[in-house]
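Working notes, structure below.
Counting starts at 1 for both ligands and their atoms, following the listed order.
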Amino acid sequence: MRPGFSRMAGSLMDSCIMELISVASAPGMVSFATGLPDRDLFDPEGIAEAASDVLSSDEARPSLQYGDALGFMPLREKISRRLRREAGLSVEPERIVLTNGSQECFDLLGKLFLDPGDGLAVENPGYLGALQSFSAYGPEYSGVDVGEGGPSMEGLRAALSKKPKMFYCIPNHQNPTGYSYGDDARKGVADLVDGSGMLLVEDDAYGELGHRGRAGKAISSMVDDAVLTGSFSKVVSPGLRVGWMALPEWAVPKASAMLEASCLQAGSFSQRVIDRFLEIRDYDAHLERQRKAYLAKKDRFLGLLSENMPPGVEWNDPSGGMFVWLRLPEGADADALCKAALRRKLVLMPGKPFHVRGGGNTIRLNYATPSPSETVCGMEALGLAAREIL
Ligand SMILES: Cc1ncc(COP(=O)(O)O)c(C=O)c1O
């Protein structure tokens, strides 16, 4: 007889993200499915130089030692300055906690704030990885429908009437849809949430990847009880696992204790390498290269979609991030399209798992990862598969 898993393990959602990454990495496969940044945009020379600088300086031994549980202070200071300048968010470095990627923030926030049955308002659709983290803590989800420009205010009001503990949202180039909130929506969300007794959790994973700059001011800058999560994964390297959350002052001691209980601290070596990378590279120029490259990839991707998709299929033109949101005609089955595409060696991510309700006719397409030749092959497969099932 084996020991039974905990109730928490039982309430975890199935992970399809890692499964997709493994299917997509099989030889001959093309993938529009995952959320990986374009590896050609990594800067291995810059990272090597930064790592070598750290290891040949007085910082070498401290960088290999345990460090401050909340993270390397010079990096927290740089994040604080950048958030103030770029996102309009005034947050002291002492309120910024470095984590092992921003994914860890959702687990920590779940641990800190959610008991089974607590309300959690989320975008519908929303980021699957966060839903997986939160699900372990057994929340009752209220889905707030989201479209280009922002969430349904009526939906948000209805969700808030159930007194949730948190509202989790991605106002910039959302995963999975690529949608961004307009200025009015940001202000509208802030007005509804501020003072309501709940925590706003604003995920800014794609905030630096607006094709023409930042989509808007952080909503957290207009709300007292808000957490903003961010990451170097999409713009420097996901392998280094450096993310952060900017917390209200009252939440820092508990978050620090929770982080210590989970992992003692996030990796100090990676934090110092990123910190040095930001010093030796012109970070704005680095981001500008990425934005331009992703804009060119997106334009090409959308052009090929127009050439290959049969009538009745719709999609958006996102202003940044990595994703395009495909909508089949109402009632069409996106799972059938994914299977038909897989038979043609194209891996797709159905939109349904990102939803708390509906979404059976949607698919998330990543235009950032595939190379130009993979995009052409993948689009042919997508067009044939769509014609087969529609
Ligand atoms: C919206 C969003 N938030 C957070 C993450 C987590 O990324 P990381 O843990 O690498 O910072 C991802 C990763 O795909 C994401 O798409």
Side-chain angles (χ1 to χ4, degrees), residues 13 15-21 24 31-39 41-42 47 71 75 79 83 87 96-110 120 122-135 146 151 166-181 200-210 214-215 218-220 227-246 259 262-263 266-267 270-271 273-274 290 294 318-325 349 351 353-355 364-369:
M13 290 165 77
S15 160
C16 48
I17 298 179
M18 289 302 162
E19 204 175 300
L20 275 176
I21 291 180
S31 174
F32 293 166
T34 58
L36 312 184
D38 183 348
R39 46 185 269 171
L41 296 176
F42 294 154
I47 298 291
L75 182 56
I79 294 167
L83 285 175
I96 295 175
V97 178
L98 301 184
T99 53
N100 295 296
S102 58
Q103 185 68 28
E104 190 175 40
C105 303
F106 311 130
D107 183 55
L108 289 169
L109 292 169
L120 175 58
V122 293
E123 293 170 322
N124 187 55
Y127 169 50
L128 176 59
L131 299 186
Q132 281 173 327
S133 282
F134 293 137
S135 287
V146 64
M166 307 195 262
F167 173 46
Y168 166 70
C169 61
I170 312 174
N172 297 322
H173 324 299
Q174 196 225 33
N175 181 358
T177 59
Y179 296 151
S180 292
Y181 292 17
L200 174 77
V201 179
E202 180 175 20
D203 179 345
D204 196 35
Y206 299 94
E208 301 272 35
L209 280 185
R214 239 190 128 79
I219 304 177
S220 303
V227 178
L228 181 129
T229 66
S231 177
F232 288 103
S233 288
K234 308 296 175 183
V235 288
V236 179
S237 156
L240 289 172
R241 309 304 302 133
V242 181
W244 69 85
M245 53 184 169
L259 187 72
S262 288
C263 64
S270 293
Q271 293 169 13
V273 171
I274 297 248
Q290 310 225 349
Y294 284 137
S319 58
M322 299 184 169
F323 305 107
V324 170
W325 191 233
M349 178 75 204
F354 296 93
H355 288 75
R364 183 190 75 175
L365 299 174
N366 173 349
Y367 60 82
T369 315

>> Looking only at distances, can you tell me whether any N or O atom of Glu104, backbone or side chain, sits closer than 3.5 Å to an N or O atom of ligand 1?
In response: no
>> Using a 3.5 Å cut-off on N or O atoms only, is Ser102 in polar contact with ligand 1?
In response: yes
> Is Arg214 paired with Asp204 through a side-chain N to carboxylate O contact shorter than 4.0 Å?
Replying inline: yes
> What atoms of ligand 1 come closer than 4.0 angstrom to any heavy atom of Lys234?
Replying inline: 13 (C), 14 (O)
> If you measure from each heavy atom of Ser233 to ligand 1, is any distance below 4.0 Å?
Replying inline: yes
>> Please list, in number order, the atoms of ligand 1 under 4.0 Å from a heavy atom of Gly101.
In response: 9 (O), 11 (O)
> How does Phe106 reach ligand 1, if at all, at less than 4.0 Å between non-hydrogen atoms: by side chain, backbone, both, or neither?
Replying inline: side chain
> Which ligand 1 atoms are under 4.0 Å away from a heavy-atom of Ser231?
Replying inline: 8 (P), 11 (O)
>> Could you measure the distance from the CD atom of Gln174 to the OH atom of Tyr181? Nearest 0.5 Å is fine.
In response: 7.0 Å
>> Side chain or backbone, does Tyr168 bring an N or O within less than 3.5 Å of an N or O on ligand 1?
In response: no
>> With a 4.5 Å cut-off on side-chain heavy atoms, are Val97 and Trp244 touching?
In response: no
> Closest non-hydrogen protein atom to atom 5 (C) of ligand 1, residue and atom name please, with distance?
Replying inline: Tyr127 OH, 3.5 Å
>> Rounded to the nearest 0.5 Å, what separates atom CZ in Phe323 from atom NE2 in His173?
In response: 12.5 Å
> Taking only heavy atoms of Arg241, which atoms of ligand 1 are found under 4.0 Å from at least one of them?
Replying inline: 8 (P), 9 (O), 10 (O)
> Short question: side chain of Arg364, backbone of Ala33 - any donor-acceptor pair under 3.5 Å?
Replying inline: yes
> Would Gln132 and Tyr127 count as having a side-chain donor-acceptor pair, cut-off 3.5 Å?
Replying inline: no
>> Once you measure the plane-to-plane angle for His355 and Trp325, does it fall in the parallel (<30°), tilted (30-60°) or perpendicular (>60°) bin?
In response: parallel
> Does ligand 1 have any atom sitting under 4.0 Å from a heavy atom of Phe232?
Replying inline: no
> In terms of atom number and element, which parts of ligand 1 are under 4.0 angstrom from non-hydrogen atoms of Asn175?
Replying inline: 1 (C), 15 (C), 16 (O)
> Taking the six-membered ring where the residue is Trp, are the ring centres of Phe106 and Tyr168 under 6.0 Å apart?
Replying inline: yes
> Hey, looking at atom 2 (C) of ligand 1, which of Asn172, Asn100, Ile170, Asp203 has the closest heavy atom?
Replying inline: Asp203
>> A side-chain contact here means heavy atoms from C-beta on lying under 4.5 Å apart; do Glu104 and Leu259 qualify?
In response: yes
